[in-house]
**Student:** 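Starting off with a structure, shown below.
In what follows, every chain begins at residue 1, and chains take the letters A, B, ... in the order their sequences are listed. All values below come from the heavy atoms of this structure, side chains included, with hydrogens, waters and symmetry mates left out.
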Protein chains: 2
Amino acid sequence: MSKPRAPDINPPRLVSPRLVSARPVTAHDVARLAGVSQSAVSRCFTPGASIAAETRRRVEEAAARLGYRPNLIARSLITRRSTIVGVAVAYLENPFYPAVLEALSNALEGAGYRVLLFTARPGENADPILEEVLRYRVDALVLASASLSSHFAEECRQAGVPVVLLNRRTESGGVSTVTGDNRAGAGTVARFLAAGGHRRCAFIAGLESASTSREREAGFSGALAALGLPPAAREVGHYDFTAALEATRRLLALPLPPDAIFCANDHMALAAINVARAEFGLEMGQALSVVGFDDAGPAAWPLFGLTSYAQPVRPMAERVVAILRRHLEEPEAEAVQEVVPGALMVRASARLPAEGVMEQGGRRIWRG
Amino acid sequence: MSKPRAPDINPPRLVSPRLVSARPVTAHDVARLAGVSQSAVSRCFTPGASIAAETRRRVEEAAARLGYRPNLIARSLITRRSTIVGVAVAYLENPFYPAVLEALSNALEGAGYRVLLFTARPGENADPILEEVLRYRVDALVLASASLSSHFAEECRQAGVPVVLLNRRTESGGVSTVTGDNRAGAGTVARFLAAGGHRRCAFIAGLESASTSREREAGFSGALAALGLPPAAREVGHYDFTAALEATRRLLALPLPPDAIFCANDHMALAAINVARAEFGLEMGQALSVVGFDDAGPAAWPLFGLTSYAQPVRPMAERVVAILRRHLEEPEAEAVQEVVPGALMVRASARLPAEGVMEQGGRRIWRG
DNA sequence: CCGCTGATTGCATACGTATGCAATAAGAAT
DNA sequence: ATTCTTATTGCATACGTATGCAATCAGCGG
């Protein structure tokens, strides 16, 4: 072969490795020490590759001695898979999302993926950041509570990057989604409140642009109507704590205030309880009932005891990962819209119906 | 040149790009369309490279037409910089950490870095995951509230990967840290409680292995002693909500219960208030005062009004990024231990001293 | 018109790993 | 002993981009 070989860059180490300027150990270094070819080293770290036991032993010893760490960047370049998934998450001040992020991170790590995180500002257009993330050749994208421009959805499709929305739905086809059962859950809440004897229900909406809020509102209103109850008074809390405080103030200052408030998520429901108790002196479950959605952490705190329709975070994260895997295995697979059922966790923030409350694994739930 | 050139892989596109099986556009594709060399395309996307205005225009047009996105994986391979920072975070159920993560993510994105996230299980040894993250050739590591084995610290040093601990300190030298002012902050809390007339202070520790908890305890006890007050009753809450509930129960069930509880962080302080109010019927700031550390989100909720020594999340995140940049610019730079000062946010959960409370930017703080 | 300077450009190669292919070794079967 | 398998290995190359180097070009002073 006439092709000139570049001289070996890494000179033989004459001094203790820790004193040498840190140039990462490569498969070539290991190969040289083990007296094999670089290919053999590669095969040693590739599950299922053909390699003799004795060779493997020698390579592993050499690798251990040099502290070799396969360069996943280089591997990605050639395999065209980064084993990195881009995850966008917003509203981290809403305690539901840290839980989502943790579950998602664990599920992805369990499936051998790393998480490239980016925190989307609620209002802003996430496209520029998403664009940037695509440059890292992520294998897939998961958007938790961030919406997706149809333009960008199309770009991802062209780039062959599967996208899964978590807790959001979108009009743009071709995007898989995993959500809680917003409609049915909100309907359950309505029937629960009705069974508890509430007559003047109110609803605090989240972001009007968010599918979750719209679906929950539709489910709630629909069920109220079916029950023959008057439509709910309505305020908007934008999924924001402070805005929800104010929304609650407006509701409770009405001439005929509601006897129950259903909030589009727990974060706002906790705000509602704060205002009702601290500013209006109302006792939860007596003069006023408050119900939320998510069953986020603080809902279970003794002072809140928030009745809430639980979204099962771990199962949802697992569904996301399962869908991703399928999309990665068969790129032509159709997008799916999965709905993960939840349950109404009954606590003290809302007056109880006479029937339907049952114990389940240490938790009290309501089945209407 | 006798070296055989590989045939161009990407065939000329005969159909609309969206119908072609998604093979990412490369710099070669752009070069061909623009009638220049791949180098020119590269230079077009490399700030400061030498390229004529007219060439740039043609390249940019071609790139836009093909939807070219530079492959950062390939770039990393050759530049040996990934512009990715590994971030480990634990205790996401503690509302302080989502805020930290968000601030950190924003600061890093502002500095042009991406975040490779991994969520460390509190108890577990994070080394295996960290090891894995190093394979992605991250430019640096930030560990928020995760501790670091000295073994791994050494590995990072050898690999030339700077490490910054956020909100934790470590014995292993060579690692930079950014923390709040645990000692002084806890001392301030002690003087604040003393000035408010409290005589029987208790302390709920976090994880005994965590530097934060130890430093806060030392600062608190030291100041109490200096004030001539008796040592604080002590329980351990392991930075865990449930454990803190129980710790509080034990304290309040004492024959002579404390008149003030200082918790090593807000998450536990919120648990303390929950127990005190819901189970013992105590009114905060009257029979019992509770003070926390962090000033995490819910501390400011009306129902809690938790007095807490604030750790300024954004400045801390910015210090982390500044330190990272310095380490990356001068690899030989010494590790630094930075302490970011905070302030005692005064709210209703603790009885006020007669003096020292002042208004500052809409917030009330205490200066002893 | 010539040599000189500086700006642009293309060529060739390197980054570190995976993998098709052919060569070799080691058994197995005849 | 000979042929046929099968397992193992090394060689060479590809992945997509950045960059040193030399070549080319335009402009300019003399």
**Student:** Rounded off to whole Å, could you give me the CD-to-P distance for the A/Glu54 and C/dA26 pair?
**Tutor:** 13 Å
**Student:** Nearest whole Å is fine: how far is C/dG16 C1' from A/Leu66 CG?
**Tutor:** 15 Å
**Student:** Main chain of A/Ser82, side chain of A/Asp139: is a donor-acceptor contact present, judged purely on distance under 3.5 Å?
**Tutor:** yes
**Student:** Testing the basics here: between B/Ile84 and B/Tyr113, what is the closest heavy-atom pair and its distance to 0.1 Å?
**Tutor:**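 The pair with the smallest heavy-atom distance is N-CD2, 4.2 Å.
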**Student:** Can you see which heavy atom on B/Val142 is nearest to which on B/Leu166, and at what distance?
**Tutor:** CG1-CB, 4.5 Å
**Student:** Look for any protein N or O under 3.5 Å of an N or O in nucleotides 17-24 of chain C and output each such pair with its distance, or none.
**Tutor:**
{"unit_1": "C/dT17", "atom_1": "OP1", "unit_2": "A/Tyr68", "atom_2": "OH", "d": "2.8"}
{"unit_1": "C/dT17", "atom_1": "OP1", "unit_2": "A/Asn71", "atom_2": "N", "d": "3.0"}
{"unit_1": "C/dT17", "atom_1": "OP2", "unit_2": "A/Ala27", "atom_2": "N", "d": "2.6"}
{"unit_1": "C/dA18", "atom_1": "OP1", "unit_2": "A/Arg75", "atom_2": "NE", "d": "2.4"}
{"unit_1": "C/dA18", "atom_1": "OP1", "unit_2": "A/Arg75", "atom_2": "NH2", "d": "2.9"}
{"unit_1": "C/dA18", "atom_1": "OP2", "unit_2": "A/Ser42", "atom_2": "OG", "d": "2.6"}
{"unit_1": "C/dA18", "atom_1": "N7", "unit_2": "A/Gln38", "atom_2": "NE2", "d": "3.2"}
{"unit_1": "C/dA18", "atom_1": "N6", "unit_2": "A/Gln38", "atom_2": "OE1", "d": "3.0"}
{"unit_1": "C/dT19", "atom_1": "O4", "unit_2": "A/Ser39", "atom_2": "OG", "d": "3.2"}

**Student:** May I have the distance from B/Leu77 (atom CG) to C/dT13 (atom C1'), rounded to whole angstrom?
**Tutor:**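 Going from B/Leu77 (CG) to C/dT13 (C1'), I get 13 Å.
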**Student:** Rounded to the nearest angstrom, tell me the gap between atom CD1 in A/Ile73 and atom C1' in C/dA14.
**Tutor:**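 These atoms are roughly 16 Å apart.
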**Student:** So which atom in A/Leu66 and which in A/Val25 form the shortest heavy-atom distance, rounded to 0.1 Å?
**Tutor:** O-CG2, 3.3 Å
**Student:** Check whether any side-chain heavy atom of A/Arg114 sits under 4.5 Å from a side-chain heavy atom of B/Arg135, and report yes or no.
**Tutor:** no
**Student:** Is it true that the side chains of A/Tyr136 and A/Ser76 contain a donor and an acceptor less than 3.5 Å apart?
**Tutor:** no
